[in-house]
Amino acid sequence: MTAFTLDMFQTTGLAMLLFVLGRFLTTRVDFLRRCCIPAPVVGGLIFAIVHLALYQGNILQLTFDESVKTFFMTIFFTSVGYTACFRLLKRGGKKVFVFLIISIVMVCLQNVVASVLAAVFNWDMRLGLCTGSIPMVGGHGTAGSYGPELEKMGLAGAEVLAIAAATFGLVAGSLMGGPTARSIINKYNLFSNESQDEILEMSDETPEQKEAAERVDVNSFTNAAILLIVAAGLGTILTTLFNSITIFGAKLTFPTYIGSMVIAAVIRNFCDAKHIVLPSRSIDIWGNVSLSIFLAVALMTLKLWQLADLAGPMIIMLAAQTLLMFVFARYVVFNLMGRDYEAAVMTSAFCGFGMGATPNAMANMQAITEKFGPSPKAFLVVPIVGGMFVDFTNAFILTMFLNFL
């Protein structure tokens, strides 16, 4: 077998070509577009499958320099930290807090089910978390970050298992959300009471401040880069401090990016308190670009041959997660969120981000509201919880589970 090693520039260059391939396919294949499968995931998985065939055929094995992956992963999660606006959480009202608490309960249940089933299959219980909230609520971003960390703990195949589960979750969450909400709406004869032009305005920003936050030019893009890199740098120090904490004789282990997220959240809320406008749009663009590069590298470097021994139990564990999500969304989320049309729309969203990502949740809600009418409260609550706070809570809960197990 021929072995070949790609350096950092070659690895990143190939990853970007695969991203272009994935973007080409997602704009032309209806299934990929409807399920909101990210372009770098599509391109990266195609390459990983080709690499698997070459490896199995004893033809070629590639080795990659993945150092760039950690950098862009940290920048992405730092950008997530800058979205954590506690003012919006407070002003969003009771439903935001209820939806957040429900999400936290779901994160815990996913990890309990995953770790228990791992024990049933005689796996290390920590490896089972790769089918729990790491890929489900966390999606590909969290899967790509926690997978390597678990492999450093001696859990072979953790990264490929988490990525595979995250891909399954994206598809399952997209396919489940719409039918679940439609069945609720039809069963209880629910309908929208809102007019098409009703908007829930939760921000007290002036038009000038909004324009400054949305502006994208050289200065705003540079300022966004400064904010991200400084927060990421300070965050590594904070993560080191977190990892020095010992509770009941056990040393806690946090992911590398958690400190950066905390620092970014502190900066964001300090600026909110002082009415300092951040370049939010530019930060968001930096985050999206970083996520695309990170995912493309993470997916294409997967060693799918490591999945062979895990495939059978993985299918059962993912089926259990799907059943858990359906029962929880249908009978818990709908009931606790008010048993009305808004609750039905939020149920579809919960399936989306509970098994995939917030864009899946938004796509699920869009499909429902296009047919049954607007749901402004749902479009307020879900992005605040799914886009801002669930990543924080998921990271801390996962840390607790990993250290306990």
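Side chains included, hydrogens not; waters and symmetry mates left out as well; all remaining heavy atoms used.
Under a 3.5 Å cut-off, the side chain of Thr142 and the backbone N or O of Gly139 do not form any donor-acceptor pair. Glu342 contributes a side-chain N or O that, together with a main-chain N or O of Ala378, makes up a donor-acceptor pair within less than 3.5 Å. A donor-acceptor contact shorter than 3.5 Å is absent between the side chain of Gln61 and the backbone of Phe4. Counting only distance, with no hydrogens or angles, the side chain of Ser348 and the backbone of Gly177 share no donor-acceptor pair below 3.5 Å. A donor-acceptor contact shorter than 3.5 Å links the side chain of Tyr341 to the backbone of Gly373. A donor-acceptor pair is defined here as one N or O able to donate and one able to accept, closer than 3.5 Å; no such pair exists between the side chain of Asp284 and the backbone of Ser280. For Ser115 (side chain) and Val112 (main-chain N/O), a donor-acceptor pair under 3.5 Å exists by modelled atom type. Here the side chain of His51 pairs a donor or acceptor atom with the backbone of Leu62 at under 3.5 angstrom. Formation of a donor-acceptor pair under 3.5 Å by the Gln321 side chain with backbone atoms of Ser133 is not found in this model. Asn364 places a side-chain N or O within 3.5 Å of a backbone atom of Gly173 that can act as its donor or acceptor partner.
Between Phe19 and Leu299 there is no side-chain heavy-atom pair separated by less than 4.5 Å.
Identified under the salt bridge (Lys or Arg N to Asp or Glu O under 4.0 Å) test for residues 123-144, with sequence neighbours left out: Asp124-Arg126. Evaluation of the side chain to side chain donor-acceptor pair (under 3.5 Å) test over residues 225-242, restricted to residues two or more places apart or in two chains, returns none.
Expressed to the nearest 0.5 Å, how far CD of Glu159 lies from CD of Glu151 amounts to 5.5 Å. Note that the CE atom of Met261 and the CG atom of Leu238 stand 12.0 Å from one another [nearest 0.5 Å]. Atoms CE and CD, on Met317 and Gln110 in that order, are 12.0 Å from each other to the nearest 0.5 Å.
Within a 6.0 Å sphere centred on CZ of Phe404, heavy atoms belonging to other residues, nucleotides or ligands number 12 at most.
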### Task
Evaluate the criterion side chain to side chain contact (heavy atoms under 4.5 Å, CB included) for residue pair Val137 and Ser103; output intermediate values, then yes/no.
CA-CA 9 Å; Val137 169; Ser103 301; over 6 Å; no
### side chain to side chain contact (heavy atoms under 4.5 Å, CB included) between Ile102 and Leu336, worked out
CA-CA 9 Å; Ile102 291 172; Leu336 292 182; 3.8 Å; yes
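Side chains of Ser220 and Asp217: a donor-acceptor N/O pair is present below 3.5 angstrom, by distance only.
Between Trp286 and Phe76, the ring center distance fails the sub-6.0 Å criterion. Aromatic ring centres of Phe77 and Phe72: separated by at least 6.0 Å. Ring centroid separation for the pair Tyr331 and Phe334 does not come in under the 6.0 Å cut-off.
For Arg339 and Tyr188, the positive end sits near the middle of the six-membered ring, less than 6.0 Å away and at most 45° from its axis.
Exactly one of Val105, Asn111, Val107 qualifies for a side-chain contact (heavy atoms from CB on, under 4.5 Å) with Leu109. That residue is Val105.
Phe294 and His140 get closest at one heavy-atom pair: CE2-O, 4.3 Å.
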